[in-house]
Amino acid sequence: MAKNHLEVLNALDIAKTQLYHFTAIVIAGMGFFTDAYDLFCISLVTKLLGRIYYTHGDKPGSLPPNVAAAVNGVALVGTLVGQLFFGWLGDKMGRKRVYGMTLMIMVIFSICSGLSFGHEPRLVIATLCFCRFWLGFGIGGDYPLSATIMSEYANKKTRGAFIAAVFAMQGFGILAGGMVAIIISSAFQARFKSPDFATVGAASTVPQADYVWRIILMFGAVPAAMTYYWRMKMPETARYTALVAKNAKQAAADMSRVLQVEIQEEQEKAEQITAEERNSFGLFSKKFLHRHGLHLLGTTSTWFLLDIAFYSQNLFQKDIFSAVGWIPPAASMNAIEEVYKIARAQTLIALCSTVPGYWFTVAFIDRIGRFKIQLMGFLFMTVFMFGLAFPYNHWTLKENRIGFIIMYALTFFFANFGPNSTTFVVPAEIFPARLRSTCHGISAAAGKAGAIVGAFGFLYAAQSQDRTKTDAGYPPGIGVKNSLIMLGCINFAGALMTFLVPESNGKSLEEMSGENEDDETMPPSSDGRTVPV
């Protein structure tokens with residue numbers, strides 16, 4: 001332990017796992033549950049929006065490429081902006097004060113997403129995109145704040161599992177989105193029956209279908225609203241109060257009440273620690289560059305590369321769904337039935353692949369460490385992407401589709417039992433308290449930039465090189481096989497960049513950031529090793 005370690009911080013580091021830890025996981029995790037629901041539920045209703053507002057002629061309607069990109073991508077852009085803004089604000093105003101703001105934004109704009117001005121396609125889509133941007137803005141704030149709050153509340157022995165458990169609630173949010181869509185579409189299908197499109201054309205989309213997508217999107221406000229009261233009751237984290245707000249007396253009082261032990265105030269020691277030069281340098285200083293420059297490069301680059309591959313999975317879902325017959329041709333269904341089939345397919349994928357991967361990370365992150373899990377995940381993703389890419393023609397044969405599905409599922413199992421979880425955990429552990437939320441926000445924003453590249457850049461890139469075989473409205477691309485090869489290379493690059501990220505397993509936050517260490521005992525980032533050599 002560092003010689004100047006405050007008693008209140010030491011008490012948190014060695015505290016036994018108790019009820020308040022699980023309470024914090026649930027409170028922060030419900031935010032991530034809502035985040036995932038709101039971000040991913042849009043993919044359940046985009047085909048319905050196409051049928052309602054863009055059906056012209058003898059084929060079921062679909063969103064034009066530019067409209068589809070806007071509807072799906074605007075929330076990601078909002079999330080990126082929110083991560084940067086609220087990450088910075090969390091270090092300036094405190095985690096707790098900003099935490100409530102992000103949740104209220106999410107509640108308000110979840111509800112507004114289901115509203116629109118008028119019934120014309122342009123007005124409906126414009127309203128939806130406006131609300132989805134601000135919804136994403138609120139969601140973005142939840143990333144750095146939830147990770148930072150959980151890391152600052154946790155003990156050092158199980159900190160990784162606690163932060164990963166918060167992030168793992170994403171899996172349940174994705175699952176809930178599918179289940180809500182199944183329930184809503186089933187209820188409307190039973191009440192408002194309609195023949196398929198091939199039989200009656202545009203009449204297969206009943207007027208009441210316009211309520212289905214609105215209810216699904218608005219439901220995201222429910223879990224967020226339920227969490228607001230409990231977020232406001234949480235005390236500010238002791239590390240922010242003592243090391244940033246410089247109020248060790250309040251930090252000791254808050255944690256004495258939470259931990260139910262007597263903790264010495266040590267106001268003078270806190271002021272002495274925070275006044276020292278090593279605890280006052282800023283984000284854009286040479287000192288930060290020397291201490292943490294490579295660490296920040298490692299966390300931003302790995303998250304960026306990971307999200308390119310992770311979000312590009314949307315490219316191949318149609319192959320998966322058609323392979324197992326989960327989604328028949330659009331003309332053979334009515335609009336509400338199509339929502340049901342898509343929701344069922346995505347729920348099964350979440351249940352069998354997404355959710356287990358998250359919880360494998362929770363179980364093993366404090367046993368084998370962040371570095372090994374992240375490196376293993378990137379390498380397995382590389383192997384499976386190449387395994388899909390090089391014999392791609394083999395996988396397109398009907399008799400080999402089951403193997404394709406297994407390879408696909410394993411790719412995203414190891415994304416979640418791998419870098420998708422660890423890239424969230426590590427930035428909350430390795431930076432100083434006064435910059436922790438900001439640096440996590442920067443890392444997360446880099447990830448969302450990768451998500452935008454993955455979701456849309458590869459959507460165009462994966463189009464067939466033959467102009468006659470591209471999806472409607474898209475120019476020729478490099479093809480699915482070449483796109484998969486590129487994604488495999490991106491995953492391998494992620495594995496290489498992982499070596500820039502230090503291992504934080506079993507260490508206190510102050511030990512990782514050097515806040516209580518002398519300058520001569522704190523190695524620069526260039527000397528920080530991820531594993532022993």
Side-chain angles (χ1 to χ4, degrees), residues 2 4-5 9 13 83-84 86-92 95 143-145 147-152 154 156 159-160 163 237 239-240 242-244 273-306 369-371 374-375 419 422-447 449 494 496-531 533:
N4 289 329
H5 208 50
L9 306 186
D13 282 340
Q83 286 164 338
L84 293 172
F86 287 112
W88 169 79
L89 203 61
D91 284 332
K92 294 298 179 186
R95 298 30 165 150
Y143 275 73
L145 293 169
T148 301
I149 286 171
M150 199 65 244
S151 72
E152 293 181 345
K156 63 183 180 182
R159 185 179 61 236
I163 304 172
T237 69
R239 285 183 161 91
Y240 180 85
L243 298 176
V244 183
I273 291 171
T274 55
E276 293 174 357
E277 183 184 354
R278 57 186 163 82
N279 290 325
S280 60
F281 59 82
L283 179 65
F284 299 105
S285 65
K286 289 183 179 179
K287 199 83 168 176
F288 179 86
L289 185 63
H290 176 69
R291 289 272 185 93
H292 301 290
L294 286 181
H295 298 162
L296 187 59
L297 175 62
T299 58
T300 52
S301 60
T302 51
W303 208 335
F304 174 78
L305 294 166
L306 175 275
R370 290 80 163 135
F371 172 81
Q374 182 161 311
L375 186 64
T422 55
T423 52
F424 177 79
V425 172
V426 174
E429 300 181 304
I430 64 176
F431 299 107
R434 66 189 179 281
L435 300 172
R436 185 169 292 133
S437 179
T438 301
C439 290
H440 195 286
I442 292 170
S443 302
L496 295 178
M497 297 304 289
T498 296
F499 285 90
L500 295 177
V501 183
E503 176 60 79
S504 51
N505 192 22
K507 299 177 182 178
S508 75
L509 297 179
E510 288 68 43
E511 187 180 353
M512 289 305 304
S513 65
E515 284 167 287
N516 288 344
E517 302 286 352
D518 293 328
D519 281 346
E520 58 269 20
T521 63
M522 176 63 190
S525 64
S526 58
D527 294 332
R529 302 266 183 199
T530 52
V531 289
V533 292

| I163: which of V426, V425, I149 passes side-chain contact (heavy atoms from CB on, under 4.5 Å) | V425

| If you round to the nearest 0.5 Å, how far is OG1 of T148 from CG of L435? | 11.0 Å

| T300 to S443 - nearest heavy-atom pair and separation | CG2-CA, 3.7 Å

| query | Of all heavy-atom pairs between P427 and W303, which one has the smallest distance, and what is that distance? | reply | CG-CZ3, 4.3 Å

| said: Tell me the closest heavy-atom pair linking C439 and L283, and the distance in Å. | reply: SG-CD1, 3.9 Å

| remark: Hits for side-chain hydrogen bond (donor to acceptor under 3.5 Å, both in side chains) against S151, two or more places apart or cross-chain, chain-then-number order -> none

| query | Do the non-hydrogen side-chain atoms of V501 and F371 ever get within less than 4.5 Å of each other? | reply | no

| request: Name all residues meeting the ring pair (Phe, Tyr, Trp, His ring centres under 6.0 Å) criterion together with F304; count only those two or more places apart in sequence or in a different chain, and write none if there are none. | output: none

| Do F86 and Y143 have ring centres separated by under 6.0 Å? | no

| field | Side chain proximity check, F499 to L375, heavy atoms < 4.5 angstrom | value | yes

| said: When you measure from the centre of the six-membered ring of F281, is the NZ or CZ of R434 closer than 6.0 Å and no more than 45° off the axis? | reply: yes

| remark: For L306, the side-chain contact (heavy atoms from CB on, under 4.5 Å) test, sequence neighbours excluded, returns F310, F378, M381, P419, N420

| Is any side-chain heavy atom of M512 less than 4.5 Å from a side-chain heavy atom of L509? | no

| query | Going by an N to O cut-off under 4.0 Å, is there a salt bridge joining D13 and R239? | reply | yes

| Taking only residues two or more places apart in sequence or in another chain, which ones pass side-chain hydrogen bond (donor to acceptor under 3.5 Å, both in side chains) with E429? | R159, R370, S504

| message | Under a 3.5 Å distance rule, please check whether S285 uses its side chain to pair with a backbone N or O of G282 as donor and acceptor. | response | yes

| message | Could you check whether any side-chain heavy atom of L243 comes within less than 4.5 Å of a side-chain heavy atom of L9, counting everything from C-beta outward? | response | yes

| query | Would a distance-only check, ignoring hydrogens and angles, find a side-chain to backbone donor-acceptor pair under 3.5 Å from Q83 to A445? | reply | yes

| field | Considering all heavy atoms, the nearest K507-E503 contact | value | NZ-O, 3.7 Å

| Which residues share a side-chain hydrogen bond (donor to acceptor under 3.5 Å, both in side chains) with T423, sequence neighbours left out | none

| Nearest heavy-atom pair of S508 and K156: which atoms, and what distance? | N-CD, 3.9 Å

| Trace of the side-chain contact (heavy atoms from CB on, under 4.5 Å) decision for L296 with F288 | CA-CA 10 Å; L296 187 59; F288 179 86; 4.0 Å; yes

| message | Could you work out, with side-chain hydrogen bond (donor to acceptor under 3.5 Å, both in side chains) as the rule, every residue matching T438, not counting sequence neighbours? | response | D91

| task | Grab the two heavy atoms, one from P144 and one from S437, that are nearest each other, plus how far apart they are. | result | CB-O, 3.4 Å

| task | Quick one: pull up CD1 in I430 and CZ in R436 and give me the separation to the nearest 0.5 Å. | result | 10.0 Å

| Is the H292-F431 ring centre distance short of 6.0 angstrom? | yes

| message | Nearest 0.5 angstrom please: T302 OG1 to L496 CG, how far? | response | 12.0 Å

